[in-house]
Visitor: 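If you scroll down you'll find the structure; I have some questions about it.
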2 protein chains.
Amino acid sequence: MSTPGRGLHGHVLDTLGPAITAGAYPPGSVLRTDELAQRFEVSRSVMREAVRVLESMHLVESRRRVGVTVLPKAAWNVYDPQVIRWRLAGADRPHQLRSLTVLRSAIEPVAAGLAARHATPEQCSQLTERALGMVENSRGHRLEQYLFHDVAFHRIVLTASGNEMFARLGDVVAEVLTGRTHHEVMFADPDPAAVTLHVELAAAIREGDAARAEALTREITAGALQELDILAP
Amino acid sequence: MSTPGRGLHGHVLDTLGPAITAGAYPPGSVLRTDELAQRFEVSRSVMREAVRVLESMHLVESRRRVGVTVLPKAAWNVYDPQVIRWRLAGADRPHQLRSLTVLRSAIEPVAAGLAARHATPEQCSQLTERALGMVENSRGHRLEQYLFHDVAFHRIVLTASGNEMFARLGDVVAEVLTGRTHHEVMFADPDPAAVTLHVELAAAIREGDAARAEALTREITAGALQELDILAP
DNA sequence: GTGACAAATAAGTCTGACTTTTTGGCTCGG
DNA sequence: CCGAGCCAAAAAGTCAGACTTATTTGTCAC
């Protein structure tokens with residue numbers, strides 16, 4: 001799913017990125033390029049490229065005569081998929097998962113409403129297909145297959161909204177759903193009520209009923225939030 | 001407001017970034033690092049750093065023996081503030097402004113609801129202060145001062161929501177509001193109804209009335225959307 | 001046609017020397 | 001005692017050149 005370090009600078013990022021986002025270096029900490037290059041056993045050119053990328057994510061700031069300063073959390077580009085992955089892999093995963101779920105609950109209902117207006121016939125049929133897939137895998141501990149269809153379903157809704165900002169949140173939703181299935185406790189089969197809501201949502205979008213699509217999605221995301229509250233009150 | 005190119009690689013980005021996001025190089029176009037380095041009269045090291053940054057924004061992809069390939073719009077990190085600025089400065093500014101306004105209309109109502117629950121007394125007083133500032137500057141073509149308070153107001157709401165993902169959209173909202181005032185036609189004073197809504201919203205948050213705060217914000221963002229429809233139907 | 005092998009190509013990497021900016025301290029004069 | 005201004009050190013920034021490596025493409029034999 002993610003893109004593991006391509007090239008040497010990528011490997012450096014795979015180590016430094018998670019370390020910084022995990023808070024291993026408190027804000028204001030100063031790193032030196034040469035020292036980092038030695039530590040990771042790469043040339044300064046490679047280390048400089050890595051620092052530039054971290055800088056573009058606003059994780060660090062490089063200043064002459066000072067060094068590479070770690071920036072406070074408030075400055076980070078928290079929408080960068082790479083940063084999201086790093087943070088989800090770290091210690092504050094639960095906190096991160098909650099933030100993203102709240103984001104979902106704001107975005108997806110509006111996206112569903114727009115999808116009901118703009119979805120193409122092809123997108124509608126794909127949607128019903130995925131909903132069917134969810135129904136078929138909702139029993140008998142077929143969590144992996146269920147997840148697959150669930151992710152695809154939400155991706156289609158976001159894309160069908162016609163808004164590029166919404167569409168790009170497909171990866172975020174995928175991370176949240178995947179995280180919920182894999183890392184949180186989910187022994188039991190998915191909630192039957194949720195499955196029904198997805199089927200109804202597909203229908204609402206197909207019929208162009210924007211208000212109903214929005215309301216149904218609010219119920220779905222409300223369920224996701226409630227789930228979090230049960231697990232980590 | 002933005003951060004103009006620090007260092008040589010920054011200057012290169014200030015030219016290449018807008019060019020790519022403006023579509024000057026169609027998706028799939030191949031650039032060569034050496035050629036770019038010559039064109040911008042910088043060393044390859046500097047150009048490589050610039051390419052790494054563009055790569056981290058998913059604007060381009062660098063592959064051996066092939067070159068630097070421009071990626072399709074669908075791959076771009078459209079939430080990267082830098083990318084947003086580049087696109088707002090380019091030709092599809094209207095389209096971009098609409099996408100962001102729709103995003104606002106999804107996020108801000110939920111954020112306002114959360115703010116009503118979580119805002120500190122200090123944030124509440126700041127909010128009323130800003131609302132007052134908006135009222136005072138709502139007449140007599142004091143657009144610049146009005147904008148200043150408007151931006152601050154929405155920033156506080158997003159921050160007070162307590163959700164870091166929402167808080168980071170403060171910059172986006174600032175860009176949208178600023179863009180509306182500066183580049184779109186706004187000879188007239190701001191809509192008095194909008195001003196009233198902001199005052200009421202500050203009150204609702206202060207009183208902890210989440211439902212009312214959310215509803216009022218929906219009215220505000222609906223107004224912003226309507227404004228766009230009038231200007232570019 | 002297909003398989004393997006060889007050549008060309010552009011990114012990737014490393015090294016060392018040099019430049020530029022910033023900061024912190026030091027001196028000197030008030 | 002304190003401030004202005006100057007100097008030196010430190011670290012990032014820049015450049016040039018040589019070398020490595022992966023990938024593609026083309027060719028040739030089978």
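Fair warning: this is a prediction, and the values are worked out from it, not measured in the lab. Throughout, a chain's letter reflects where its sequence line sits, starting with A, and its residues are numbered from 1.
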Visitor: Among C:dG16, D:dT24, D:dA12, find the nucleotide with the atom closest to the side chain of A:Arg44.
Guide: C:dG16
Visitor: Examine C:dT15: is either OP1 or OP2 under 4.0 Å from a nitrogen or oxygen in the side chain of A:Ser43? Give yes or no.
Guide: no
Visitor: Counting any heavy atom closer than 4.0 Å, what does B:Arg48 reach on the DNA or RNA strands: base, sugar-phosphate only, or nothing?
Guide: base
Visitor: Whole-Å distance between C:dT9 P and B:Leu31 CG?
Guide: 19 Å
Visitor: Send over the distance from A:Glu35 CD to D:dA11 C1', rounded to a whole Å.
Guide: 12 Å
Visitor: Whole Å only: how far is the CG atom of B:Asp34 from the P atom of D:dA18?
Guide: 14 Å
Visitor: Is a side-chain N or O of B:Asp14 found less than 3.5 angstrom from the main chain of B:Gly5, in a donor-acceptor match?
Guide: yes
Visitor: Go through the steps to decide whether B:His154 and B:His149 satisfy the test ring pair (Phe, Tyr, Trp, His ring centres under 6.0 Å), and finish with yes or no.
Guide: CA-CA 9 Å; B:His154 287 276; B:His149 290 279; over 10 Å; no
Visitor: What about B:Arg65, does its side chain sit under 3.5 Å from the base of C:dA8 through a donor-acceptor pair?
Guide: yes
Visitor: Could you please name the option among C:dT13, D:dG13, D:dA22 that lies closest to any side-chain atom of A:Arg64?
Guide: D:dG13
Visitor: Nearest whole angstrom, please: distance from the C1' of D:dA11 to the CD of A:Gln38.
Guide: 14 Å
Visitor: Scan A:Ser45 against the nucleic acid and name what it touches under 4.0 Å (heavy atoms): base, sugar-phosphate only, or nothing.
Guide: base
Visitor: Map A:Arg63 and A:Gly7 onto DNA chain C by nearest heavy atom, then report which one ends up closer to the 5' terminus.
Guide: A:Gly7
Visitor: Mind checking whether B:Arg180 and B:Asp150 have side chains closer than 4.5 Å, heavy atoms only?
Guide: yes
Visitor: Applying a 4.0 Å non-hydrogen cut-off, can you work out what B:Arg6 is touching in the nucleic acid: base, sugar-phosphate, or nothing?
Guide: nothing
Visitor: From the set C:dA11, C:dC14, D:dC15, return the single nucleotide nearest to any side-chain atom of B:Ser62.
Guide: C:dA11
Visitor: Can you check the A:Glu61 CD to C:dT22 P distance for me, whole Å?
Guide: 12 Å
Visitor: Can you tell whether the side chains of B:Arg52 and B:Glu49 come within less than 4.0 Å, N to carboxylate O?
Guide: no
Visitor: Quick one: A:Leu36 CG to D:dG13 P, roughly how many Å, whole number?
Guide: 13 Å
Visitor: Quickly work out the B:Leu8 CG to D:dA12 C1' distance and round it to whole Å.
Guide: 13 Å
Visitor: Grab the CZ-C1' distance between B:Arg32 and C:dG12 for me, whole Å please.
Guide: 17 Å
Visitor: Any salt bridge between A:Arg48 and A:Glu55, counting N to O under 4.0 Å?
Guide: no
